[in-house]
Structure formats: C-alpha cells, structure tokens
Amino acid sequence: MPTVLAIETSCDETAAAVVRDRTILSNVVASQMELHATYGGVVPDLAARQHLEAINWVIAAAQEQSALAWQDLDGIAVTAAPGLIGALLIGVTAAKTLALIHRKPLIGIHHLEGHLCSAFLADRQLEPPFLCLLVSGGHSSLIVAHGYGHYELVGRTRDDAAGEAFDKVARLLGLGYPGGPAIDRLAQSGDRHAYRLPQGKIPDAPFDFSFSGLKTAVLRLKERLAATGEPLPTADIAASFQWTIAQALVNRAIACAQQYHMPHIVAVGGVAANSVLRHYLVERATQEQIQLTVAPLHLCTDNAAMIGCAGACTCPGGNAHTSP
Ligand code: KG4
Ligand code: ZN
C-alpha cells in the first residue's frame with residue numbers, strides 16, 4: 001500500500017496531504033478565498049505569491065500531522081496540469097525539490113484525475129467501471145472510468161463550466177466570490193419554480209453541456225425585473241438558476257450511465273458540494289437503481305488528498321498496477 005505526500009497549487013488553495021492508498025493520514029488546505037473575494041475572482045499573480053508564502057508551512061503541517069518520516073514515503077505527487085501556470089509552478093518546484101533531496105519518485109498528476117480519485121477516498125470499496133460526473137470551476141465533464149487510469153471523456157461543456165456559471169451568475173446578482181456557496185445559501189429561501197430557464201441541451205450531443213445561454217437568460221431576466229422598479233427577487237432567481245443547473249447535470253449523467261451501461265455514478269468537484277445537486281442526484285439514482293458515490297464536502301473543492309490518492313494509485317504497488 002503506497003504512501004504518498006501530495007501537493008496541490010493549481011488555483012487558489014495551497015494544499016498538502018499524506019495519503020496511504022485510500023486512507024487520508026493528513027490533509028491541510030490554506031484557502032486564499034478571502035484574498036480573491038476582494039477582487040471578485042481569482043487574480044493569478046496574487047495566487048502565485050500567496051502559494052509561495054504558504055507552501056512550506058502547509059507541507060510541514062501535513063507531514064507533521066501524518067506523524068510519518070521521509071523514509072516512510074514511497075513518492076511525492078503533485079498537480080502538474082491544468083491550472084494557473086504561476087500557481088502550478090510553485091507546487092511543482094516544491095515537489096521536485098523534495099523529490100530530489102529525499103530521493104523519492106516524483107508523480108505528476110492531472111488535476112481532473114485527482115478530482116476523480118476523491119471518489120476512492122469517499123468509498124474505499126469503489127472499483128471501476130463507473131461514470132464520473134466531474135463538475136468544477138473549470139470543467140463539466142462526464143467520464144467513463146473503464147479501469148484505473150483508463151478514462152473516456154463522453155460529455156463536456158461547450159462553453160462555460162458549471163462552477164463558472166455559478167460564479168458569473170453570483171456576480172450578476174451581487175453575491176460576491178466564490179459564487180457557488182453564495183447561491184446555494186441564498187437559494188434556500190427562494191422558489192426554484194419561480195422562473196423557467198434554459199437547460200442548454202445540444203441536439204446532436206446529448207451528454208454535452210452548455211451554460212452560457214443560461215447565464216445570458218439570467219442576465220435578461222434580471223434586466224426585465226429591474227425595469228419594474230421592484231426589489232430584485234434574488235433568492236427566487238438563485239433558486240431557479242440552481243435548480244436548472246442541477247437538472248441539466250443530473251439528468252444527463254443518469255442518461256449517460258444508462259447509455260454506457262454503467263451501474264455506478266460518482267460525483268466529484270467543487271460544484272458537487274451543491275446541496276440541491278446532491279439531493280437530486282440521490283433521488284434520481286435511487287429511482288433508476290444506479291449506485292451512487294458523492295464526494296464528501298471537504299473533498300469536493302480543491303485539496304491535496306485527492307492528488308495523493310491518484311499518486312498512490314499510480315505508484316508501484318498501487319491499484320493501477322493490480323487491476324486486471
Ligand atoms: O473543484 P474546485 O474547487 O476548483 C476547480 O478545480 O475549479 O471548484 C470550484 C468551483 C467554484 O466555481 C465554486 O463556485 C464551485 O466550485 N462551488 C459550488 C459550491 N461550492 C463550490 N458550486 C455550487 N454550489 C456549491 N455549494
Ligand atoms: Zn479542482
């Protein structure tokens with residue numbers, strides 16, 4: 001069972017973790033959210049500088065909490081792509097340096113494979129094949145995991161990612177950054193059926209997503225309502241928007257699982273933290289008798305434990321080497 005120190009700095013979280021196979025031994029996340037909230041979104045240069053400030057103590061804290069020494073580690077995993085280049089460089093440079101000094105294998109991990117692997121931390125018995133609904137700030141994808149490291153992208157967004165749509169609509173409604181949690185909170189007091197909004201279906205690609213039309217529809221709705229001079233019903237707008245996205249994601253994931261004969265769906269990524277999406281996924285998966293694994297909240301948004309899990313899988317002795 002490989003044990004890996006993992007580092008994640010692709011966007012606005014400086015994170016380090018120690019993972020043994022599918023067990024988290026430590027998981028430290030230093031969020032930059034407050035810093036970027038001032039600007040209404042992630043500022044790449046500031047993110048890189050902040051990673052530089054935090055990286056050493058975050059790694060030290062993860063190692064200390066794991067109570068392991070360097071000789072107990074089988075490798076160092078790090079998010080190599082995709083992400084903000086200045087931000088990625090900080091994590092990769094730290095990982096390369098540690099790998100060199102301590103003579104450990106360096107394992108570059110694709111950030112999306114990391115998100116997918118958060119499902120293995122959520123369900124330690126989980127085995128491929130399964131369908132992964134990966135919904136984050138930069139991606140909305142349906143991925144068939146045929147085996148460890150053997151993935152097929154069967155659905156993707158044609159424009160905005162789901163998280164991007166949440167963030168942009170939150171900004172339209174004056175809710176600040178990050179938009180997903182703000183909309184999730186406000187929508188609790190709104191009526192999800194107040195407004196009918198487009199789900200962005202693409203006729204010849206039933207498993208692809210398009211959320212830019214939805215975002216524009218919210219903008220037009222806001223303009224129309226603002227013209228009446230009445231206070232803007234932001235909770236109703238947020239609830240209708242959120243319900244539209246949840247339906248688009250969940251119904252397409254269910255149809256996709258059926259088409260590809262996948263008995264199991266896993267949902268991962270920042271948007272999988274959304275409360276309505278989680279409820280609706282459980283409801284529809286139960287109706288259709290599809291098994292479901294949803295990443296726990298603390299593993300939905302960016303963290304290094306998921307990168308460590310992907311790294312442990314790839315290490316000699318990891319699952320990627322033992323699967324048929
Ligand atoms: O996975 P993640 O942390 O970073 C990327 O890899 O992009 O996802 C961040 C995204 C942001 O767009 C954020 O608004 C969204 O996840 N998010 C949510 C919720 N929590 C975070 N979206 C909807 N509802 C939430 N509760
Ligand atoms: Zn992410």
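We count ligands from 1, going down the list as the structure has it; atoms in each ligand are counted the same way. Note that these values count all heavy atoms, side chains included, but never hydrogens, waters or copies made by symmetry.
Scanning all protein heavy atoms for the shortest distance to atom 26 (N) of ligand 1 gives Asp184 OD2, 2.9 Å. The closest protein non-hydrogen atom to atom 2 (P) of ligand 1 is Asp302 OD1, 3.5 Å. Of all protein heavy atoms, the one closest to atom 24 (N) of ligand 1 is Asn274 ND2, 3.0 Å.
Looking at every heavy atom in both residues, Leu84 comes nearest to Ala47 through CD1-CB, 4.4 Å.
The shortest N or O to N or O distance between Asp167 and ligand 1 is under 3.5 Å.
Relative to atom 19 (C) of ligand 1, the option among Cys11, Gly270, Ser136 with the closest non-hydrogen atom is Gly270. When the options Gly269, Gly180, Gly137 are ranked by their closest heavy atom to atom 23 (C) of ligand 1, first place goes to Gly180.
The Zn ion (ligand 2) lies at the vertex of an angle of 100° between the NE2 atom of His115 and the OD1 atom of Asp302 (rounded to 10°).
For Tyr280, the ring pair (Phe, Tyr, Trp, His ring centres under 6.0 Å) partners two or more places apart in sequence, or in a different chain, are Trp243.
Taking every heavy atom of Gly163 and a limit of under 4.0 angstrom, the matching atoms of ligand 1 come to 12 (O). Near His111, meaning under 4.0 Å from one of its heavy atoms, ligand 1 places the atoms 6 (O). Of all atoms in ligand 1, listed by their number and element, those nearer than 4.0 Å to a heavy atom of Cys300 are 1 (O). Taking every non-hydrogen atom of Gly138 and a distance limit under 4.0 Å, the qualifying atoms of ligand 1 come out as 7 (O).
Heavy-atom neighbours of Gln289 CD from other residues, nucleotides or ligands within 6.0 Å: at or below the threshold of 12. At most 12 non-hydrogen atoms from other residues, nucleotides or ligands lie less than 6.0 angstrom from CZ of Arg49. Other residues, nucleotides and ligands contribute over 12 non-hydrogen atoms within 6.0 Å of the CD atom of Gln258. Within 6.0 Å of CD on Glu223 lie more than 12 heavy atoms contributed by other residues, nucleotides or ligands.
For the residue pair Arg124 / Thr23, a side-chain donor-acceptor distance below 3.5 Å is found, with atom types taken as modelled. Glu13 and Ser31 share a side-chain donor-acceptor pair at under 3.5 Å. Inspection of the Thr293 and Gln291 side chains reveals no N or O donor paired with an N or O acceptor under 3.5 Å.
Distance check for Cys11 against the Zn ion (ligand 2): none of its N/O/S atoms falls below 2.8 Å. Taking 2.8 Å as the threshold, His111 counts as a candidate ligand of the Zn ion (ligand 2), since one of its N, O or S atoms lies below it.
Within the 4.0 Å heavy-atom shell around ligand 1 one finds His115.
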